[in-house]
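Here the structure is laid out as structure tokens; the discussion comes afterwards.
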Amino acid sequence: LTCWNAMISGYVKNGMVKEGRKFFDQMPVKNLVSWNTMLSGYTQRGEMCLAEEFFEQMEQKDSFSWNLMLDGYIAVGNLGAATKFFQSIPNPNIVSQATMLNGLAKHGSIAEARGIFDQMTEKNVVAWNAMIAAYVQNCMIDEAVKFFNEMPERDAVSWTTIINGHVRIGQLEEAKCLLNRMPCKSVGAQTAIVSGFIRINRIDDARQIFNQIRNRDVVCWNTMIAGYTHHGRMNEAFELLQQMAQKNTVTWSTMIAGFAQVGNMEKAFEMFEHIGERNVVSWNSLISGYAQNGLHVDALKCIVLMMR
RNA sequence: GCUCAUAGCAUC
């Protein structure tokens with residue numbers, strides 16, 4: 001059963017929800033984990049109608065099930081439904097609260113997010129991190145710093161968030177100080193610094209930092225590539241692209257936008273063809289690329305293609 | 001590698 005559940009998980013994590021469902025339906029025995037895994041396939045892709053239908057069919061639900069639904073509503077931006085759903089959760093746990101906190105913060109309701117935080121009887125590092133991120137996203141760096149200093153324990157996400165907070169308001173020096181203070185420098189925190197250099201147009205300095213990072217992940221590579229593409233340095237971007245082991249949709253979209261910006265729509269389309277899982281951003285990058293280069297017919301063709 | 005929440009990357 002554990003094996004079968006892992007199979008469903010594998011399907012839905014790769015965006016193959018249909019196939020996952022087929023597998024799920026054919027399983028002779030299922031447990032709650034099977035149901036939750038399948039549910040996550042819908043909620044994480046924003047298929048909330050299907051999720052609701054599936055959720056109602058579940059004869060047993062646990063906090064995972066409820067939290068998945070809550071996060072699904074937040075992911076599609078339906079804060080009204082999320083708030084209502086949150087209030088209907090039988091026993092909201094720390095994950096439910098952190099999820100709701102995050103949802104409120106992401107939609108600008110910082111005071112309400114803070115309200116949830118204050119109401120939490122127990123707070124873990126994720127709750128603290130979510131609250132710090134909330135302040136960072138709302139450009140309230142002083143509050144973010146205050147929480148960062150007050151929190152009982154900090155993990156790599158805490159550091160990355162606060163570093164990024166300083167990067168976003170152009171305080172790269174302070175960001176670098178924080179990175180120096182960080183006990184175990186994560187790829188994420190270092191990537192935030194790279195993007196800080198890029199933000200102030202110091203691309204070559206960013207590259208120096210990038211080169212020094214060990215265990216670079218796909219986000220790190222994408223950050224550096226975007227640094228080049230935003231400045232029309234497509235040769236360097238392409239060179240990095242060829243060096244990276246695993247590319248994702250963000251990688252390709254970055255390249256599409258980059259080639260579009262320098263007027264090379266042939267190359268942009270070539271990048272587009274590599275995308276396995278096309279999303280709204282990949283289509284947007286291509287369509288706006290055609291439009292910005294005056295190729296309105298191609299843009300329209302693309303829109304038609306997208307809607308099929 | 002059986003299921004849930006927080007950070008660093010792309011379009012507008």
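Quick caveat, the model's predicted, so the values are computed rather than measured. Here is the naming used below: chain letters follow the sequence lines, and residue numbers restart at 1 for every chain.
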Using a cut-off of 4.0 Å on non-hydrogen atoms, how would the nucleic acid contact of Thr191(A) be classed: base, sugar-phosphate, or nothing?
base
Minimum-distance nucleotide to Val157(A) side chain [options: rA7(B), rC4(B), rA10(B)]:
rA7(B)
Please report the distance, rounded to the nearest Å, between CG in Leu178(A) and P in rA7(B).
18 Å
Counting only side-chain nitrogens and oxygens, does Lys247(A) get under 4.0 Å of the OP1 or OP2 atom of rA10(B)?
no
Touch check for Gln137(A), heavy atoms < 4.0 angstrom, all strands: base, sugar-phosphate only, or nothing?
sugar-phosphate
Of the options rA10(B), rC2(B), rG8(B), whose atoms approach the side-chain atoms of Ser195(A) most closely?
rG8(B)
Using whole Å, what does the distance between atom P of nucleotide rA5(B) and atom CG of Asn91(A) come to?
20 Å
Is Asn164(A) near enough to rA7(B) that one of its side-chain N or O atoms lies under 4.0 angstrom from OP1 or OP2?
no
Please report the distance, rounded to the nearest Å, between CG in Leu39(A) and C1' in rU3(B).
9 Å
Look at the side chain of Ser288(A) and decide which nucleotide, out of rU3(B), rA10(B), rU11(B), has an atom nearest to it.
rU11(B)
Across the strands shown, which category fits Thr223(A) at heavy-atom distances under 4.0 angstrom: base, sugar-phosphate, nothing?
sugar-phosphate
So does Gln292(A) get a side-chain nitrogen or oxygen closer than 4.0 Å to the phosphate oxygens (OP1/OP2) of rU11(B)?
no
Under a 4.0 Å N-O cut-off, is there an ion pair linking Glu270(A) with Lys267(A)?
yes
Counting side-chain heavy atoms from CB outward, which of rG8(B), rC2(B), rU6(B) is closest to Asn102(A)?
rU6(B)
Quick one: label Asp217(A) by what it contacts on the DNA or RNA (base, sugar-phosphate, nothing), any heavy atom closer than 4.0 Å.
base
Considering every strand and a 4.0 Å limit on heavy-atom distances, what is the contact class for Lys61(A): base, sugar-phosphate, or nothing?
nothing
Could you tell me whether Phe24(A) and Trp4(A) have their ring centroids closer than 6.0 angstrom?
no
Could you state the atom-to-atom distance from CD1 of Ile8(A) to C1' of rC2(B) in whole Å?
9 Å
Can you label the angle between the Phe272(A) ring and the Trp283(A) ring as parallel, tilted or perpendicular, going by 30° and 60°?
perpendicular
If I take atom CD1 in residue Ile256(A) and atom P in nucleotide rC9(B), what distance separates them, rounded to the nearest angstrom?
19 Å
For the residue pair Phe117(A) and Trp128(A), categorise the inter-ring angle as parallel (less than 30°), tilted (30 to 60°) or perpendicular (more than 60°).
perpendicular
I need the CG-P distance between Asn124(A) and rC4(B), as an integer number of Å.
16 Å
Heavy atoms only, 4.0 Å cut-off, all strands: where does Ser285(A) land among base, sugar-phosphate and nothing?
sugar-phosphate
Check this for me: Glu150(A), atom CD, are more than 12 non-hydrogen atoms of other residues, nucleotides or ligands nearer than 6.0 Å?
yes
When all nucleic acid strands are considered with a 4.0 Å heavy-atom cut-off, which category describes Ala98(A): base, sugar-phosphate, or nothing?
base
Taking the side chain of Thr160(A) as its heavy atoms from C-beta onward, which of rA5(B), rG8(B), rC2(B) lies nearest to it?
rG8(B)
I want to verify a distance call: between rU3(B), rU11(B), rC9(B), whose nearest atom is closest to the Arg199(A) side chain?
rC9(B)
Proximal nucleotide (of rA10(B), rU3(B), rA5(B)) relative to the Asp71(A) side chain:
rA5(B)
Rounded to whole Å, please give me the gap between CE in Met265(A) and C1' in rU11(B).
12 Å
Under 4.0 Å, heavy atoms only, any strand: does Thr2(A) hit a base, just the sugar-phosphate, or nothing?
base
Nearest to the side chain of Ala257(A), heavy atoms from C-beta on, is which of rA7(B), rC2(B), rU11(B)?
rU11(B)
Residue Asn129(A), side-chain heavy atoms: nucleotide from rU3(B), rC9(B), rU6(B) that is nearest
rU6(B)
Grab the NZ-P distance between Lys13(A) and rG1(B) for me, whole Å please.
12 Å
Check this one for me: any side-chain N or O of His230(A) less than 4.0 Å away from OP1 or OP2 of rU11(B)?
yes
Closest to the side chain of Thr37(A), out of rC4(B), rC9(B), rC2(B), is rC2(B)
Give me the atom names and distance for the closest heavy-atom approach of Ser282(A) to Thr249(A).
OG-CG2, 3.8 Å
Heavy atoms only, 4.0 Å cut-off, all strands: where does Val12(A) land among base, sugar-phosphate and nothing?
nothing
Look at Arg114(A) together with Asp118(A) and state whether they make a salt bridge at an N to O cut-off of under 4.0 Å.
yes
